[in-house]
Amino acid sequence: MLDATARSGGTATVLPRTAATELAIATPSATVPAVALRRTARWGRLLFSPWARFSLLVALLVGAVSTVLLFEPQRLLADGWPPQLSGAAAVVMFAVAYGLCTVAFVPRPILNIAAGALFGSQLGLASALAGTVLGAGIAFGLGRILGQDALRPLLRHRWLKSADGQLSRHGFRSMLAARLFPGVPFWAANYCASVSRMGYLPFLLATALGSIPNTAAYAVAGARASSPTSPAFLIAMACIAIPALVGAVLAWRKRHHLRAR
């Protein structure tokens, strides 16, 4: 009887201890998901922070430039387009390659001349213009998603504020002028517009309309490069030089206007 009572009493005293032990073990394990969620949220805020996204943009651009330097697309001017690609497929492929190359800071004049030399004046203009709009759209989207939040707080200089205000309030008109009168590099105009509050559609429309004259002139020059004394080639070179000169004069006058502010 004593043994049974002792066993019974022992059981009665052991059970609360066991329950307490299980509760003590269960309590920390219940907090593990909350800690994991807080850590996940903290890492999420870090990964999607403005400067993390801007770092991703820089890494993408460095990778694009490295790819261009590795594959050397300028060899198309010397070697010609691959013979297995012809017709509409070649024009589309060139337009896509053109757009990606502009994102990687390849100068558009070289690509425009290549388009004219490979496809002639009309198809060269069509492929180069499509590539221009595609490359501008990609650069604008990358800059808007990955760079705007990080760079907008840095717009403290007077010139930067003035340019940002001009693009934000008069985006279509400003971008159209920048495309018509080449003075600002193509990639710089793309990323400046993406940091501003300019709309996506006005940016693309102004790019398409403003790039037609200059792109056509380079395409014709590339198509007529074998006969540099022909009237078409000379007119194309004049259409390239005159807007550049007018753009330089306007930029000089605008510089004095910004200083006066």
Side-chain angles (χ1 to χ4, degrees), residues 61 64 91 94-116 119 121-144 147-148 159-160 162-223 235-255 257-258:
L61 295 179
V91 175
F94 183 86
V96 174
Y98 184 114
L100 296 177
C101 285
T102 58
V103 176
F105 308 112
V106 176
R108 285 184 62 247
I110 297 177
L111 298 171
N112 292 333
I113 291 174
F119 305 111
S121 301
Q122 295 180 356
L123 287 179
L125 171 61
S127 61
L129 192 60
T132 296
V133 176
L134 176 63
I138 293 174
F140 186 89
L142 288 175
R144 177 61 57 87
Q148 187 187 48
W159 285 19
L160 295 177
S162 177
D164 174 66
Q166 185 72 18
L167 287 172
S168 299
R169 292 190 300 269
H170 311 289
F172 177 82
R173 184 177 67 188
S174 301
M175 188 54 56
L176 185 65
R179 302 305 191 193
L180 284 173
F181 302 106
V184 180
F186 182 73
W187 61 268
N190 294 337
Y191 290 111
C192 286
S194 69
V195 174
S196 73
R197 302 191 187 280
M198 183 180 182
Y200 202 88
L201 185 59
F203 170 78
L204 291 180
L205 186 59
T207 296
L209 295 177
S211 299
I212 291 176
N214 186 264
T215 305
Y218 276 104
V220 172
I235 292 174
M237 294 305 296
C239 292
I240 293 172
I242 292 175
L245 181 61
V246 173
V249 173
L250 291 177
W252 180 262
R253 295 184 62 183
K254 192 67 175 177
R255 184 175 69 90
H257 178 68
L258 290 175

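Along the sequence shown, the residues carry numbers beginning at 1.
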Contact summary for Ala189 and Val184, nearest pair of heavy atoms
N-CG1, 3.9 Å
To the nearest 0.5 Å, what is the distance between CG on Leu245 and CD1 on Ile240?
14.0 Å
Residues which pass side-chain contact (heavy atoms from CB on, under 4.5 Å) with Pro107, listed by chain and number, not counting sequence neighbours
Pro109, Ile110
Just verifying a value: how many Å separate Leu167 CG and Ser194 OG, rounded to the nearest 0.5 Å?
10.0 Å
Testing the basics here: between Met198 and Gly171, what is the closest heavy-atom pair and its distance to 0.1 Å?
CE-O, 3.1 Å
Report the residues that fulfil side-chain contact (heavy atoms from CB on, under 4.5 Å) with Ala241, sequence neighbours left out, ordered by chain and then residue number.
none
Which pair of heavy atoms, one from Leu61 and one from Val103, lies closest together, and at what distance?
CD2-O, 3.8 Å
Under the side chain to side chain donor-acceptor pair (under 3.5 Å) test, residues paired with Arg173 that sit two or more places apart
His170
Among all residues two or more places apart in sequence or in another chain, which pass the side-chain contact (heavy atoms from CB on, under 4.5 Å) test with Cys239?
Ala217, Ile235
Run the side chain to side chain contact (heavy atoms under 4.5 Å, CB included) check on Leu100 and Val106 step by step: do they pass?
CA-CA 9 Å; Leu100 296 177; Val106 176; over 6 Å; no
Qualifying side-chain hydrogen bond (donor to acceptor under 3.5 Å, both in side chains) pairs with a residue from residues 238-248, counting only residues at least two apart or across chains
none
Is the shortest side-chain heavy-atom distance between Thr207 and Met175 below 4.5 Å?
yes
Of Val220, Thr215, Asn214, which is the lone residue that meets side chain to side chain contact (heavy atoms under 4.5 Å, CB included) with Tyr218?
Asn214
Could you give the side-chain donor-acceptor pairs of residues 122-136 under 3.5 Å, partners two or more places apart or in another chain?
{"unit_1": "Ser127", "atom_1": "OG", "unit_2": "Leu123", "atom_2": "O", "d": "3.1"}
{"unit_1": "Ser127", "atom_1": "OG", "unit_2": "Gly124", "atom_2": "O", "d": "3.1"}
{"unit_1": "Thr132", "atom_1": "OG1", "unit_2": "Tyr98", "atom_2": "OH", "d": "3.2"}
{"unit_1": "Thr132", "atom_1": "OG1", "unit_2": "Arg108", "atom_2": "NE", "d": "3.3"}
{"unit_1": "Thr132", "atom_1": "OG1", "unit_2": "Arg108", "atom_2": "NH2", "d": "3.2"}
{"unit_1": "Thr132", "atom_1": "OG1", "unit_2": "Ala128", "atom_2": "O", "d": "2.8"}

Who pairs with Leu180 by side-chain contact (heavy atoms from CB on, under 4.5 Å), at least two apart in sequence or on another chain?
Leu176, Pro213
Looking only at non-hydrogen atoms, find the nearest pair between Ala206 and Arg179 and report the distance.
O-CG, 4.0 Å
Applying ring-ring contact (aromatic ring centres under 6.0 Å, His included) as the test, list every pair that has at least one member in residues 174-200; sequence neighbours left out.
Phe105-Trp187, Phe140-Tyr200
